[in-house]
Amino acid sequence: MSCSSTEDLPEQYKELFTQDGVLLKACIGRPISDLNSIGMLCIVQNPDSTKCIEWRPNDLITIDSDTQDQEWAVVNTIGRRQRTLSGNMTSDYAAARARIVKIPLDELKTFKVARNSQQMQFSTKPGIWQNTFYFQHGNAEVFVSQLKNHLKTAKTRHDRNTYVVVEPNTESQVLNRSFAELDIFTENTTDVVWGLVSNFKQRPYETTMEAFSKLTDIVYYGNEGLNGQRDVSDEVADLLTKSMSALEDSTSVTKTEGYEVISVKPTLPPRPCIPRGTPLSTEKWEGLQDTDGRILEVEGVKQLIFRGGVAHSIRHSVWKYLLDYYPWNATHADIRKIQKKKTEEYFSMKLQWRSITEKQESRFSEYRERKSLVEKDVNRTDRTHPFFAGDNNPNLMVLQDILMTYAMYNFDLGYVQGMSDILAPLLLLLGNEVDSFWCFAGFMEKILSNFDIDQAGMKQQLLNLQQLLTFAVPDLAKHLATKDSENMYFCFRWLLVWFKREFSFSDIMRLWEVLWTGLPCANFHLLICVAILDAEKDVLISGDYGFTEILKHVNDLSMCLDIDKILSTAEGIYHQLISAPHLSDQIRIILGIPTASNKNPEDPSDTDIPEQENGKPESREMEEVTLEYNGLQISVVTKTVWALLA
Amino acid sequence: MSSRKKVLLKVIILGDSGVGKTSLMNQFVNKKFSNQYKATIGADFLTKEVIVDDRIVTMQIWDTAGQERFQSLGVAFYRGADCCVLVFDVTAPNTFKSLESWRDEFLIQASPRDPDNFPFVILGNKVDLDNRAVSAKRAQQWCQSKNDIPYFETSAKEAVNVELAFQTIARNALAQETEAELYNEFPDQIKLNANDNNRNRDGDNCAC
C-alpha cells in the first residue's frame, strides 16, 4: 500500500491510491493469457476529473537505471514509464498497456469482497461480475476503505460483503484524509509524509526499514488498543488472533551481540481451492470435430481434459491424440492411412524378433536375457486384475509381444522394469495390440528419461521435487532434511511409473490423461507429489518420522489416495507458486515459466498455454471468454468450447 | 527377559531381477507365497521380531529393485546394514554369475567398517523347480572361496529352508551388531571414522 509521489506523472492523470500484489483472476473479454498475472490496483483521477479503478500488470514497473547499481534500487512505478510512453514507446509496452483494466467509478454498480479479504469483484452491470482480483496479501479491505473515499456505498442486506454504489463521492481532500485516517504517525502527518518521501529517495534502505519498524509497532500494539476500545465481533477477533499467530510463526528473532535480527520468512499466498470439472463427454468430443474429423480447438480440448479428464467411453479415441498416435488435425481419411501404415510398421518390427530361431537364440545371450526379463515382469504385472488374471491368459502374451517389439523399436533402451506397468492400463483400455503399442510408444516418449541407464532423469526429477517442496512446503522439506530424506528417494516409485502403483486402474487413467495434456505447466507431475506430501505433512512431522518410517508411510499410501482431491490440491499449489512474489528462477525453470531476468514482458503468464506451432498466438484470433463454471472463474479459448462446457 | 536394549537388525536382500527376493521376504515375515508379487520398484522393507539366543531382536528386511540400472539409487538404503543376503535363482545361471558383482557393489557402497568380515548369506532360491541349472556343489564352492559365506538352498514357494536361513541371517547380523557396540562404547562424540556413526543411530531411532 502506498501513495505514490505524483511529481513524475503527466499532469492530467493523478494516482490517488495504489495497492501492490493484486492478481487479475478474471476479466470478461480478456484472453486467458492475461489472467493470473500480478500487478497493482489503483484509483486514478482522469484529466476530466472523473475517476476510475485501474489494474496494471507489473510489467509496467521498471527499475530506475540510475539507481540500479546501488544495493537497494529505487523501484519506480508507473510514473517514469508513462513519461517514456510519450517518447518512443516500445511494442512490448504497448502490449502491456493494452492489458490495463479500467473500471470507471461512475459506471461501477456493485463490488464485493470475498475469501477473507483476498478477493474483490467489480460489476458495472447488474448480475455480472466483470472483473475479479485476487489480493495476495489478503488486504482487499484496505482497498475498499480507500475506495469508499471516492464513492458513497451501502452494504446489501443479504450479504454484508457486497457493496452497492449509491453515488460517487466527489470529496477532494481524500489524500490527506486517508493519511489522517491511517493514523500511522503521531507527529504532524504532512511533515512525516514529506520526510518519508524525500528520505526514501536519499536513503532508501534506512527509510524503508524505519517505516517497517513503525509498521511492526502498529501490528503488535494497535491490535490491543483496538480490542480495548471497540466492540469487535468474535469473527474479526478470531481473524486477528489468527493473523497475529501467523505473523509470529513466520517471524523469528535471533539476538547477536546487541543486534536484534528479525527474519521474516516469505510466505506463499493462500492456496485457492479449485474444484474439478466434469469429464469430456462423447457429445462434447464429437462436437469438437469438424465434418472431416479434425480436432480444431486443441488447446480448448486439452483444457477440458485437464479440468475433468475424459469420459471412459471415449478414452480409446481421445488417448490416441493425447499420446501422439493420431495428429489432432488428421481427417478420418488421414487416420485410416495412419492406421494402415502403423499396423504394417508394427508387424514388421514384431517379425524381426519373432523370426529369431531357437538355434539363433541359443547363441544370442543378450537377447535371451532381455526376453527373460520381459517374461518375468509380464508374469507379475497386475495379475490380480481380471484382465490379466489366471494361467495362460492370452492378454499376457500380448503384453509380452508389445514389450518385445518395443525393444526392437527402441534398441538402445530395450526393456526396463516399470515399462510393463506403463503398458498394462493402455492395453486394458485399448484392447488392440497395434493401438496399444503406438500409444505406449507415445507415452514412453514423454517419460523416456525415467529409464536412463545412469538414472540421470530420475535423479534430476527427485532434485526438482525437493526444490519445489522446499518452496511450497518448507516445513516439511526442513523435516525431511533432518531425517536424511532430502534426496526424496521415497518418491522414486511415484515418479518412475507416474503413480501407477499408487492408484486403481480407473484412477490412474484419470491422472494420466490429465498429465498428458501438459497443463498447466511443465512438470505438473512433481506438483502431484507435492500435493500428496502436503496432505501427509502433519503425520510426518508431528510423528517425527525418520528415514525408514517416511518410506514406509509413503509406500503404504498406495491405493489410499483420493485422485480428485490430489489433482485439485496440485492445481491450487500451482497457483500459489506462480503468484508468489518471491518465486525464484529455479522454480520458474522447473515449471517452464520464463525466468524473471528473461521474461517476455508481453505475456508473463503465457506458459499456461504451450506456444502455438507457428509462433503466432492463434488464440488471439479466436473469441475468448471468461465465465463462471461450478463457482470457478475460468477462461476458455473459444465460444465453441464454452458452449460445450456449459 | 534381559534388560539389554532392544536390537534392530538391518538386512539387505540383493540379487538379479526375478530371483525371488520379495517372495523370500514375504515367506519369512508373513508365511505367505504368491506368484503375483509385482516387480519391486524403488525400495520397501518388512520387519519381524525373532528370538536369537534368548534375545528378542527386530529384523528390518530391505527389498530393492533387481535391475542393474536401479542400483545407483538403491545404495541409499544400504547404509547401516548389519547383514547382506545375496539371492540367485538355481534355474538361471546368469543370476548366479551376478553374485560376485552384487557383493562387490554392496561392499563399495555400504562401506562397512570391516569388509572382510561383514556377514553375507547366499540363498539359492527356487529349488522346487525341476529345471535346475546351478548345482549345489558349484554354489557351495563359490561360497567357500568367499571367506566361507553360509549357503542355503531355499524355496520361497514351498517354504523350504527359509526360516532356517533367516535365523542364520539374524544370528550373524547380531554378531556384527554386538561387535559394532563394542567399538562404540566410547561416548558418541568420539568418532573414529564417519561410517561408524550410521549404524547405531539408525538402530536406535527406528520404532518399527
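Computed from a predicted model, the values in this text were never measured in an experiment.
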Query raised in the report: Relative to chain B, which segment of A:Ile453 carries a heavy atom at a distance below 4.5 Å: side chain, backbone, both, or neither?
Result: both

Query raised in the report: Do we see a donor-acceptor contact under 3.5 Å between the side chains of B:Glu100 and B:Trp102?
Result: no

**Report entry** Under 3.5 Å donor-acceptor, B:Gln67 side chain and A:Gln417 backbone
**Finding:** yes

Query - Side chain / backbone / both / neither for B:Asp44 at chain A, heavy atoms under 4.5 Å - result: both

Requested in this report: Return the option, out of B:Gly42, B:Ala92, B:Ala39, with the maximum number of heavy-atom pairs under 4.5 Å with chain A.
Outcome: B:Ala39

Query - Donor-acceptor pair, side chain of B:Lys10 and main chain of B:Phe77, under 3.5 angstrom - result: yes

Query - Side-chain donor/acceptor of B:Asn26 to backbone N/O of B:Thr22, under 3.5 Å - result: yes

Query raised in the report: Distance-only, no hydrogens or angles: does the B:Asp128 side chain make a donor-acceptor pair with backbone N or O of B:Glu158 under 3.5 Å?
Result: no

Report summary line: Listed by number, the residues in residues 382-393 of chain A that come under 4.5 Å of chain B (heavy atom to heavy atom) are A:Asp382, A:Arg383, A:Thr384

Query raised in the report: Which region of A:Val554, side chain (C-beta onward) or backbone (N, CA, C, O), has a non-hydrogen atom less than 4.5 Å from a non-hydrogen atom of chain B, or is it both or neither?
Result: neither

Requested in this report: Using modelled atom types only, decide if a donor and an acceptor are shared between the side chain of A:Asn555 and the backbone of B:Ala43 within a distance under 3.5 Å.
Outcome: yes

Query - Main-chain N/O of A:Leu495 paired to A:Asn450 side chain as donor or acceptor, under 3.5 Å - result: yes

Report task. Identify, with sequence neighbours excluded, every residue that meets side chain to side chain donor-acceptor pair (under 3.5 Å) alongside A:Tyr489. Result -> none

